[in-house]
Amino acid sequence: MYRRLTSSLLGRRVHHPQFTPVCLRLGSGGCSRWEEEKKEDGVKWTQLEHRGPYFVPLYEPLPEDVQFYYDGKPLKLSLATEEIATFYAKMLDHEYTTKETFQNNFFNDWRKEMTLAEQKIIKDLDKCDFSEIHKYFVDKSEARKALPKEEKQKLKEEADKIQEEYGYCILDGHREKIGNFKTEPPGLFRGRGDHPKMGMLKKRIMPEDVVINCSKDSKIPEPPEGHKWKEVRFDNTVTWLASWTENIQHTLKYIMLNPSSKLKGEKDWQKYEVARRLKDVVQNIRAQYQIDWKSKEMKKRQRAVALYFIDKLALRAGNEKEEGETADTVGCCSLRVEHIRLHPELDGQENVVEFDFLGKDSIRYYNKVSVEKPVFKNLKLFMKNKNPADDLFDRLNTTILNRHLQSLMDGLTAKVFRTYNASITLQEQLKALTNSEDNVAAKLLAYNRANRAVAVLCNHQRSTPKTHEKSMQILQTKIDAKKQQVEEAQEELKKAEDEFKDTKDAKAEVNVEKKKKKLKRLEEQLSKLNVQATDKEENKQIALGTSKLNYLDPRISIAWCKKFGVPIEKIYNKTQREKFAWAIDMANEDFEF
DNA sequence: TGTTCTACTTAGGAGCGTTCTT
DNA sequence: AAGAACGCTCCTAAGTAGAACA
């Protein structure tokens with residue numbers, strides 16, 4: 001894979017000091033750098049050394065005067081029971097704690113950790129009073145915020161020291177930043193959406209739960225005093241440094257490198273190269289799935305319609321999920337009949353499909369799309385004699401789809417379409433929206449609009465900021481005031497003009513010009529405010545960050561910056577520049593996705 | 001062939017520090 | 001100077017996808 005990727009780039013004279021220098025003499029007999037850098041298939045590193053995870057501090061008991069009450073009476077809890085009580089107490093302000101599932105799951109798990117004596121007393125969550133504990137933590141956080149500067153500085157230094165010690169590893173001779181070097185603290189599980197496991201107790205991770213991965217000849221990390229690792233292994237075919245199994249869903253959690261690392265950067269680059277290869281064959285693929293809409297095989301038709309959705313609407317693949325274990329969300333292949341409605345005609349458009357389902361993170365996907373006639377017909381067919389809860393594509397799953405895609409192009413999977421369509425959209429939108437005559441601010445507005453088009457395509461949403469309504473009102477007040485001013489200025493201008501008509505006086509003429517100027521200035525300010533309001537309104541539920549970080553080939557943005565004289569810092573902050581170091585180094589203004 | 005396990009990317013929200021407004 | 005708004009970092013859940021297993 002790497003060889004192919006690299007050789008495909010040879011013509012573009014790519015180099016990056018941080019990244020593997022590419023051998024430019026391939027085929028001209030031996031290249032020691034290449035030999036040195038090239039790893040066997042699947043091998044990710046030759047040297048990996050680190051300190052192991054940083055374990056979050058142990059529980060500190062509450063002060064004596066902070067009490068838990070049961071049925072109105074103070075009750076001293078055992079340490080373990082108290083700790084779990086604090087998890088709930090801390091969340092009292094949160095909407096979660098009002099949900100029945102959350103309460104039940106919490107109470108169940110809490111009771112399991114209680115002593116027998118406690119179990120006998122504490123039988124009803126409604127009789128539990130956590131308010132004093134809650135207040136204790138609110139006060140504590142206030143106190144921390146109010147700490148004098150020097151104290152805050154001291155805390156910062158302590159955190160930096162931990163970061164310095166545990167936050168880096170050595171990978172193939174380079175010091176690399178680790179992404180998440182701390183174990184996750186215990187607490188109550190907060191799933192997204194209507195999660196059946198919300199409120200369950202997430203247990204503390206101990207060294208005995210942790211598998212360490214490093215190189216054999218490295219300094220093996222020491223477990224904390226008096227503890228042992230679950231296992232130490234030396235697997236250079238994976239990129240993780242440590243792992244443990246989490247107790248809610250029984251899935252693995254990993255400690256991995258920061259996106260700024262060479263390892264992650266090269267993987268990112270590779271991802272965009274695959275998407276660029278799709279660009280060369282996408283027209284053929286589209287032509288083929290349109291033919292397949294009319295296939296005799298129902299299986300093929302379903303595959304072709306699903307692929308059309310993935311391509312046109314940037315839907316996710318939609319793996320199957322275990323029922324009852326997670327929130328009920330779907331992607332393309334797992335769509336059910338109840339998630340779409342067919343309208344032969346709607347709002348003047350024909351063959352409209354109305355999508356309404358919860359996707360990843362329980363984010364709602366709602367869209368009305370006019371589709372080609374054969375797609376519409378097929379959907380009707382797929383839905384025939386089915387219940388709302390039945391699968392729309394009953395003969396398709398992501399494995400089948402991806403196997404097909406793999407046969408169309410090496411490395412092609414459903415998610416590549418999202419990457420490809422996102423990046424190509426950015427490139428096209430930038431071309432359409434950027435005006436080289438504009439100043440930097442206007443160019444940035446164009447960039448954000450292009451970015452927004454992608455975010456809309458990928459359905460990247462955020463919850464409306466709590467302050468949105470209010471700041472919108474403030475803006476509206478400003479607009480109203482400005483309108484008033486404009487009207488006044490219009491009247492003043494009219495008066496001045498009348499006066500000039502009457503007097504033909506030079507002074508009056510000057511006054512007319514003055515009033516005209518004033519009106520123009522005010523009108524400009526008004527239109528600026530209106531644009532701002534539109535912008536804000538359009539952006540209130542759209543998150544730009546996700547596409548910027550995960551879907552848009554950074555070389556497109558960098559090329560745009562170079563071409564139009566926009567400093568890269570205007571579009572990428574420090575972290576983002578670190579992540580995209582590879583692209584910043586290799587892309588010039590001619591880069592084409 | 002279906003199921004489970006593993007490894008990795010993608011995702012939105014919380015919280016906090018900084019900047020802008022009043 | 002205080003408060004609001006904004007932007008960034010951290011956090012960890014929730015996806016995708018392929019391998020291993022039965």
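To find a chain, count down the sequence lines: A is the first, B the second, and so on, and within it residues start at 1. Just so we're clear, the structure is a prediction, and the values are computed from it rather than from any experiment.
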*Would you check, one step at a time, whether the test salt bridge (charged side-chain N to carboxylate O under 4.0 Å, His left out) holds for A:E95 with A:R190?*
CA-CA 11 Å; A:E95 203 205 334; A:R190 307 151 85 120; over 6 Å; no
_Parallel, tilted or perpendicular: ring planes of A:F130 versus A:Y88, cut at 30 and 60 degrees_ = tilted
Measuring from the side chain of [X] (C-beta onward, heavy atoms only), which nucleotide among [options] has the closest atom?
| X | options | answer |
| --- | --- | --- |
| A:R462 | B:dG13, B:dA11, C:dA13 | B:dG13 |
| A:F189 | C:dA13, B:dA11, B:dC8 | C:dA13 |
| A:N180 | C:dT12, B:dC16, B:dA7 | C:dT12 |
| A:N573 | B:dG12, B:dC8, C:dC8 | C:dC8 |

*Could you point out which residue of A:K279, A:R555, A:K267 forms a salt bridge (Lys or Arg N to Asp or Glu O under 4.0 Å) with A:E273?*
A:R555
*State, yes or no, whether a side-chain contact exists between A:K230 and A:W244 at a heavy-atom distance under 4.5 Å.*
no
_Validation row: A:V274, A:T419 side chains within 4.5 angstrom (heavy atoms)_ = no
Check whether any side-chain nitrogen or oxygen of [X] sits under 4.0 Å from OP1 or OP2 of [N], and answer yes or no.
| X | N | result |
| --- | --- | --- |
| A:K574 | C:dT9 | no |
| A:H94 | B:dG13 | no |
| A:Y551 | B:dT9 | no |
| A:R144 | B:dC16 | yes |
| A:K202 | C:dA13 | yes |
| A:K321 | C:dT16 | no |

Polar-atom pairs under 3.5 Å, protein N or O versus N or O of nucleotides 17-20 of chain C: list them with distances, or write none.
{"from": "C:dA17", "atom 1": "OP1", "to": "A:T413", "atom 2": "OG1", "distance (Å)": "2.7"}
{"from": "C:dA17", "atom 1": "OP1", "to": "A:A414", "atom 2": "N", "distance (Å)": "3.2"}
{"from": "C:dA17", "atom 1": "OP1", "to": "A:K415", "atom 2": "N", "distance (Å)": "2.8"}
{"from": "C:dA17", "atom 1": "OP2", "to": "A:N402", "atom 2": "ND2", "distance (Å)": "3.1"}
{"from": "C:dA17", "atom 1": "N7", "to": "A:N319", "atom 2": "ND2", "distance (Å)": "3.4"}

_I'd like to know if the side chain of A:T239 pairs up with that of A:Y254 as donor and acceptor (distance under 3.5 Å, no hydrogens or angles considered)._
no
*Any side-chain donor paired with an acceptor under 3.5 Å for A:S547 and A:N451?*
yes
Rounding to a whole Å, what distance do you find between [X]:[atom1] and [N]:[atom2]?
| X | N | atom1 | atom2 | answer |
| --- | --- | --- | --- | --- |
| A:Q163 | C:dT9 | CD | C1' | 11 Å |
| A:D160 | C:dC10 | CG | C1' | 14 Å |
| A:L315 | C:dT16 | CG | P | 11 Å |
| A:H460 | C:dA14 | NE2 | C1' | 13 Å |
| A:E184 | C:dT12 | CD | P | 5 Å |
| A:K140 | B:dC16 | NZ | C1' | 18 Å |
| A:F417 | C:dT16 | CZ | P | 15 Å |
| A:D361 | B:dG12 | CG | P | 6 Å |

*Six-ring centre of A:Y96, A:K99 cation under 6.0 angstrom, axis tolerance 45°*: yes
Base, sugar-phosphate alone, or nothing: which one does [X] contact when heavy atoms must sit under 4.0 Å apart?
| X | value |
| --- | --- |
| A:S463 | sugar-phosphate |
| A:K156 | nothing |
| A:L549 | nothing |
| A:K44 | sugar-phosphate |
| A:P259 | nothing |
| A:G359 | sugar-phosphate |
| A:K267 | sugar-phosphate |

*Between A:R192 and A:R233, name the one whose nearest nucleotide on DNA chain B is closer to the 5' end.*
A:R233
*Pick the nucleotide of DNA chain B nearest each of A:S243 and A:N550; which residue has the one closer to the 5' end?*
A:S243
*Spell out, as yes or no, whether a donor-acceptor pair under 3.5 Å connects the side chain of A:N105 to the backbone of A:P196.*
yes
*Would you check if the side chain of A:Q302 reaches a backbone N or O of A:D394 as a donor-acceptor pair within less than 3.5 Å?*
yes
*Mind listing the residues from residues 246-257 of chain A sitting with a heavy atom below 4.0 Å of DNA chain C? Number order is fine.*
A:Q249, A:K253
_Along DNA chain C (nearest heavy atom to each residue), the more 5'-positioned of A:T575 and A:T329_ = A:T575
*If you round to the nearest 0.5 Å, how far is CZ of A:R51 from CD1 of A:I212?*
11.0 Å
*asked:* Tell me if the centroids of the rings in A:Y166 and A:F181 come within less than 6.0 Å of each other.
replied: no
